[in-house]
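One-based numbering, in listed order, for ligands and for the atoms of each.
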Amino acid sequence: MKQLESTSLVLLHHHLKALRLPTITAECEKLARQAAADNADHLTYLLQLTELELLERERKAAERRLKAAHLPTHKTLEGFDFGARPSVNKLLLCELARCEYIERRENVLFVGNPGTGKTHLATALAMAACGRGYRVRFFRLTELATLLMEARDERSLLGLKARLAKLDLLVLDELGYVPASKIGAELLFDVISSAYERCSLIVTTNLPFASWTEVFDSERLTGATLDRLTHRCQIIETKGESYRLRDAKAKMRKEGTAEGGGSSDRDRPRRNALEGGETSS
Ligand code: ADP
Ligand code: MG
């Protein structure tokens with residue numbers, strides 16, 4: 001009897017492996033003992049097993065989507081201090097985290113000074129989209145421009161564009177830090193116009209619209225890009241002082257009090273830099 005059981009078990013594991021059901025393979029014996037102890041019927045046992053397999057598959061798929069999105073860090077809306085950024089409407093961000101804008105192929109634009117939480121919020125929305133089953137890819141704009149130009153030189157541009165075309169949400173972070181080259185700007189524009197009404201875009205920028213010509217180096221391209229981006233778009237302004245700067249100042253005030261108002265030589269250059277204002281993110 002014992003011999004038969006172990007032979008059946010080997011066969012069962014073999015079949016489950018062939019059917020690609022790893023969680024059921026791992027859990028079936030433990031759950032069978034539990035079901036026997038609980039007097040559960042066969043169908044309840046089967047239901048529990050299939051539920052476990054499905055949950056694990058969903059978890060792994062979400063993990064894969066998150067990895068494929070190449071997010072720079074993991075940020076959430078829960079980790080965002082809305083009290084410190086009153087210009088950002090918490091209710092609107094919570095609504096965006098439900099991803100209906102992706103179904104409507106709408107865009108989100110975060111505009112504000114460095115350190116005001118644009119990348120944080122864009123990443124949090126990207127993570128929310130991954131969690132809901134959307135295909136997401138995050139790029140710093142300069143990174144995407146470089147990738148596009150390399151692909152063009154290597155004649156693999158079509159492949160890259162085909163991969164981008166499969167996305168539900170494309171995040172372009174930091175528009176405005178470095179002006180794109182003429183070719184880079186045209187390639188970026190091409191990506192943005194291909195995405196138009198086919199997938200959603202989240203763009204973050206520290207530049208007011210009037211200065212976007214500095215990036216695209218052409219009135220025509222800037223106008224056409226803005227036209228596509230801002231049509232059906234939520235524009236969210238992160239007004240105010242840099243969060244990092246605020247944090248650093250608060251820390252210094254605390255340290256200053258603790259040290260009796262003095263500051264060490266080590267702190268001095270940093271303090272001077274902060275007093276001079278933050279110029280980069
Ligand atoms: P930006 O992209 O606008 O330059 P970031 O999103 O990179 O700014 O924010 C800089 C740092 O400050 C990040 O670590 C971010 O998580 C944090 N931060 C910014 N604003 C907030 C906020 N309101 N609540 C919590 N953390 C914040
Ligand atoms: Mg940023």
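Between Glu27 and Lys30, at least one side-chain N (NZ, or NE/NH1/NH2) sits under 4.0 Å from a carboxylate O, which counts as a salt bridge. Ionic pairing of Asp168 and Arg135 is present here: one or more N-O contacts between side-chain nitrogen and carboxylate oxygen are shorter than 4.0 angstrom. Using a 4.0 Å cut-off between a side-chain N of Lys or Arg and a carboxylate O of Asp or Glu, Glu63 and Lys67 do not qualify as a salt bridge. A salt bridge does not link Arg105 with Glu197: none of the charged nitrogens is closer than 4.0 Å to a carboxylate oxygen. Ion pair Asp173/Lys118 not flagged as a salt bridge, since none of the NZ, NE, NH1 or NH2 atoms sits closer than 4.0 Å to an Asp/Glu carboxylate oxygen.
Between the choices Gly83, Gly79, Gly240, Gly117, the shortest heavy-atom distance to atom 25 (C) of ligand 1 belongs to Gly79.
Legend: residues meeting side-chain hydrogen bond (donor to acceptor under 3.5 Å, both in side chains) with Gln34, ordered by chain and number and at least two apart, are Asp38.
At least one N/O-N/O distance between Gly115 and ligand 1 falls below 3.5 Å.
With a heavy-atom cut-off of 4.0 Å, Thr73 does not touch ligand 1 at all. In Phe80, the parts holding a heavy atom less than 4.0 Å from any atom of ligand 1 are both the side chain and the backbone. The proximity of Lys75 to ligand 1, defined as any non-hydrogen pair under 4.0 Å, is limited to the side chain.
In this structure, Thr116 has a heavy atom closer than 4.0 Å to ligand 1. Residue contact check for ligand 1: Asn113 places a non-hydrogen atom closer than 4.0 Å to it.
Close contacts of ligand 1 with Pro114, meaning ligand atoms under 4.0 Å from a residue heavy atom, involve 4 (O).
At least one N, O or S atom of Thr119 sits under 2.8 Å from the Mg ion (ligand 2).
Chaining together hydrophobic side chains whose heavy atoms lie under 4.5 Å apart leaves Leu158 on its own.
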